[in-house]
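Working notes, structure below.
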There are 2 protein chains.
Amino acid sequence: MATIDDVAKAAGVSVSTVSYVLSGKRPISAPTRARVERAIEKLGYRPHAGARALASARTNVIALMAPLRVGVNVPVIMQFVAGVVTRARDFDHDVLLLTQDDVSGLDRVTGGSMVDALVMMDIEADDPRVPLVAAAKQPTVLIGLPQDPEGLSCVDLDFEAAGRLAVRHLAGAGHTDVALIGSPPEVLRRHTSYAERLMRGLRSQAKSSGVAVKVEACDSSPSGAAAAVDALLATAPDTTGIIVHNEGALPHVLSRLAERGIVVGTDISVVAVCPTDVALSQRIPMTSIDLPAEDIGKVAVDMVMARLEGEQPSETRLLAPVLTERESSASGPAAAAAG
Amino acid sequence: MATIDDVAKAAGVSVSTVSYVLSGKRPISAPTRARVERAIEKLGYRPHAGARALASARTNVIALMAPLRVGVNVPVIMQFVAGVVTRARDFDHDVLLLTQDDVSGLDRVTGGSMVDALVMMDIEADDPRVPLVAAAKQPTVLIGLPQDPEGLSCVDLDFEAAGRLAVRHLAGAGHTDVALIGSPPEVLRRHTSYAERLMRGLRSQAKSSGVAVKVEACDSSPSGAAAAVDALLATAPDTTGIIVHNEGALPHVLSRLAERGIVVGTDISVVAVCPTDVALSQRIPMTSIDLPAEDIGKVAVDMVMARLEGEQPSETRLLAPVLTERESSASGPAAAAAG
DNA sequence: CTTGATCGTCGAAGCGTTTCAACACGCTAA
DNA sequence: TTAGCGTGTTGAAACGCTTCGACGATCAAG
């Protein structure tokens with residue numbers, strides 16, 4: 001491999017000049033720049049990343065810690081990851097991928113100066129990784145909200161607002177009895193805060209809109225979804241509006257409703273909280289509140305880069321939910337009675 | 001951050017001694033080793049990755065190029081990735097994630113010595129990336145088979161054997177008219193070779209088993225799957241055995257069959273080619289040929305590491321397919337007539 | 001003309017490791 | 001006694017880059 005020395009020699013300049021041509025940190029005259037660039041081109045020169053990292057204390061790599069276990073959220077996770085990776089490239093950074101359970105990896109990459117910054121997904125309320133990265137010299141942004149962010153930046157969908165929005169939509173359409181089919185019990189047990197935030201919004205809006213609300217946890221398997229539907233219709237038979245916040249269970253919930261002869265969009269309205277492409281690939285196009293996973297990933301990178309540049313203070317950004325009406329929701333009994 | 005100098009000073013030895021304690025490349029007496037280790041512990045010392053890479057020409061990072069676009073294969077991709085990342089850790093390596101379309105990333109990471117080796121997924125028959133990595137100084141392994149591997153290592157499921165196995169299973173159960181519901185047209189157009197290999201195996205076994213075989217491409221959407229089922233049953237109404245090689249379409253294929261009053265496992269046998277967890281999360285547990293994505297990812301890492309260590313020659317490894325009988329397949333007309 | 005800026009370039013000192021050659025030491029074998 | 005050897009340790013030279021301070025030129029202002 002050619003080194004910066006070879007380039008300098010070939011161009012008849014000093015190595016520092018080559019370096020400045022590359023970094024643009026000092027003015028270089030047009031002819032000199034041209035000679036250097038020609039030499040770089042001719043030699044196929046690529047700066048050695050390690051040498052650069054050593055000299056500049058910058059690696060141009062960010063770490064992304066993602067849950068790679070197979071499970072319900074796989075498509076969502078991929079979208080986060082895709083958002084992070086593509087946006088990182090816009091800042092001329094690459095992405096080092098860590099798995100969620102590799103907690104010691106945090107020490108390894110921060111302590112060893114392998115990365116300039118970190119993004120961590122799937123934050124739990126009392127996440128053991130948070131104090132670790134809070135102590136690191138690299139800035140971090142969390143996707144999700146821990147109980148105590150310890151001066152770290154966070155970004156997420158505003159699930160509380162999403163809960164309110166979903167209920168408002170159903171109540172506005174005349175539904176008086178609504179229900180949530182939510183995350184699997186193990187997710188709730190892990191206290192991934194989004195489930196709780198969604199419920200909080202749901203309940204508060206239900207109260208002020210005067211609608212009844214029932215909550216049903218739901219395993220993502222076909223049988224789990226069927227059980228949740230059955231339990232719901234047994235205990236709250238007047239339910240005409242359902243909010244589903246569980247991508248994995250969504251198709252099975254719809255199947256079960258169909259099996260029971262219930263026509264979604266007519267007999268019952270369903271609002272899904274999920275990425276748009278998931279909403280569109282169901283048996284009918286679902287009314288949904290978008291979970292803009294890719295955008296969140298991008299925002300996370302924007303935030304972490306901002307902290308890397310200037311000395312921005314940490315901040316928490318909650319993205320406003322957007323509801324798109326499609327074929328799975330319609331007017332409920334109150335509106336029908338009125339109309 | 002503490003440096004190796006600090007450690008050396010604290011332990012009262014030279015830096016080279018500290019280095020040798022860390023790498024184990026030279027014998028160090030027990031007491032000295034203990035003093036050094038105590039100093040490392042006390043100072044919280046972590047070797048600087050960049051400095052290490054510069055001095056040793058090893059980064060302990062491998063690149064993984066994965067297709068991050070959203071689409072049918074998302075769960076499979078995640079399993080590959082998970083396999084690669086976890087196995088890489090076993091070799092004390094981290095993973096740098098590149099997206100499929102970032103072709104220039106190959107140059108960046110190889111030329112800049114950011115990684116020791118590469119793994120590339122989703123290889124197409126005439127993949128433009130193959131010559132690039134073939135020219136790189138780092139070893140590469142491909143997941144999938146290009147037309148011309150150019151001395152690179154490859155690993156994949158033996159799809160041709162899988163095709164044969166599926167037909168043999170159905171033919172053995174007495175089915176005389178079988179069909180393949182395959183990949184979306186765009187995948188076929190990209191010449192991702194697995195689709196073609198599966199078909200080759202299918203056809204050769206059909207011939208020797210004396211069964212008729214019909215092939216139907218299939219979009220992964222609900223409507224695409226329905227159309228494929230309808231087309232199949234219109235043009236080959238005697239079909240009693242179906243092989244589905246399309247994770248995304250699988251649930252919709254089953255739905256459509258159910259809508260048409262066809263009972264899977266009784267009227268028609270279905271064999272899926274997909275990861276086990278996908279096979280198990282359908283409306284009934286599917287007889288399937290496992291796509292061991294995680295294993296393939298692990299094997300890929302094993303192979304690339306082997307090439308990194310010794311001077312292994314390149315090789316191609318095709319994993320033998322395994323068929324597991326579950327509830328979606330049963331005896332066909334010939335067997336029924338005989339029994 | 002001087003005096004200062006400004007501009008473009010250069011030399012050299014790091015950055016934190018690894019690793020090679022060399023050396024001190026205590027042994028064994030001659 | 002000494003040559004020779006293995007063991008454990010060291011010093012110093014890379015590794016390839018960034019960046020600081022300095023320096024010669026050029027040019028405007030006084």
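Chain naming here is simple, since letters A, B, ... match the order of the sequence lines and numbering starts at 1 in each.
Closest approach of Lys137(B) and Ser113(B) over heavy atoms only: NZ-OG, 3.4 Å. What you find for Pro67(A) and Met78(B) is that their closest heavy atoms are O-CE, 3.8 Å.
The distance between atom CD1 of Ile40(A) and atom C1' of dC17(D), rounded to the nearest whole Å, is 13 Å. For the pair Arg35(A) CZ and dG8(C) C1', the interatomic distance rounds to 12 Å; values are reported in whole Å. Atom NE2 of His48(A) is separated from atom C1' of dC15(C) by 14 Å (rounded to the nearest Å). Spacing between atom NZ of Lys9(A) and atom C1' of dC10(C) amounts to 15 Å, rounded to whole angstrom units. Atom-to-atom, CZ of Arg33(B) to C1' of dG8(D) comes out at 11 Å; the value is rounded to the nearest Å. The nearest whole Å value for the distance from the CG atom in Leu54(A) to the P atom in dA14(D) is 17 Å. Between Arg52(A) atom CZ and dT19(D) atom C1' the separation is 13 Å, expressed in whole Å. We find that CZ of Arg58(A) is positioned 10 Å from P of dT19(D), with the value rounded to whole Å.
Of the charged side-chain nitrogens involved, at least one lies within less than 4.0 Å of a carboxylate oxygen, so that Arg87(B) and Asp90(B) count as a salt-bridged pair. A salt bridge links Asp94(B) with Arg89(B): at least one charged nitrogen is closer than 4.0 Å to a carboxylate oxygen.
Regarding contacts with the backbone of dG16(C), every side-chain N or O of Thr3(B) stays at 4.0 angstrom or more from both OP1 and OP2. Contact check, Ser56(A) against dT18(D): no side-chain N or O comes under 4.0 Å of OP1 or OP2. Taking side-chain N and O atoms only, Ser16(A) has no distance below 4.0 Å to OP1 or OP2 of dT19(D).
If one axis is set at each end of the helix from dC1(C)-dG30(D) to dA30(C)-dT1(D) from five pairs, those axes are 50° apart, to 10°.
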Practice problem: Begin with the C-alpha distance, continue with both residues' side-chain angles, and end with the deciding distance and a verdict on side chain to side chain donor-acceptor pair (under 3.5 Å) for Thr17(A) and Ser14(A). | Solution: CA-CA 5 Å; Thr17(A) 301; Ser14(A) 70; 3.1 Å; yes

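In terms of polar N and O atoms assigned as donor or acceptor, the side chain of Tyr20(B) comes within less than 3.5 Å of the base of dC20(C) in a complementary pairing. The base of dG11(C) lies outside donor-acceptor range of the side chain of Ser14(A), with no N or O pair under 3.5 Å.
Of the residues Leu318(A), Thr192(A), Asp127(A), the one that meets the side-chain contact (heavy atoms from CB on, under 4.5 Å) test with Leu145(A) is Leu318(A). Checking each of Val304(B), Leu106(B), Ile62(B) against Leu118(B) for a side-chain contact (heavy atoms from CB on, under 4.5 Å) leaves exactly one that passes, namely Leu106(B).
Taken residue by residue, residues 23-32 of chain B places heavy atoms nearer than 4.0 Å to DNA chain D at Arg26(B), Pro27(B), Ile28(B), Ser29(B), Thr32(B).
When the nucleotides dC17(D), dT18(C), dT17(C) are ranked by their closest atom to the side chain of Pro47(A), dC17(D) comes out on top. The listed nucleotides are dT17(C), dT9(C), dC17(D); the one nearest the side chain of Thr17(A) is dT9(C). The side chain of Val13(A) lies closest to dC10(C) when the candidates are dC10(C), dT17(C), dT10(D).
Between the side chain of Asp6(B) and the backbone N or O of Thr3(B), at least one donor-acceptor pair lies under 3.5 Å.
Other residues, nucleotides and ligands contribute only 12 or fewer heavy atoms inside 6.0 Å of the CD atom of Glu41(A).
Counting heavy atoms from C-beta on, the side chains of Arg58(B) and Arg52(B) never come closer than 4.5 Å.
Using a 4.0 Å heavy-atom criterion, one finds that Arg46(B) contacts the sugar-phosphate atoms exclusively.
When each of Val15(B) and Asp5(A) is assigned the nucleotide of DNA chain D bearing its nearest heavy atom, the one mapping closer to the 5' terminus is Val15(B).
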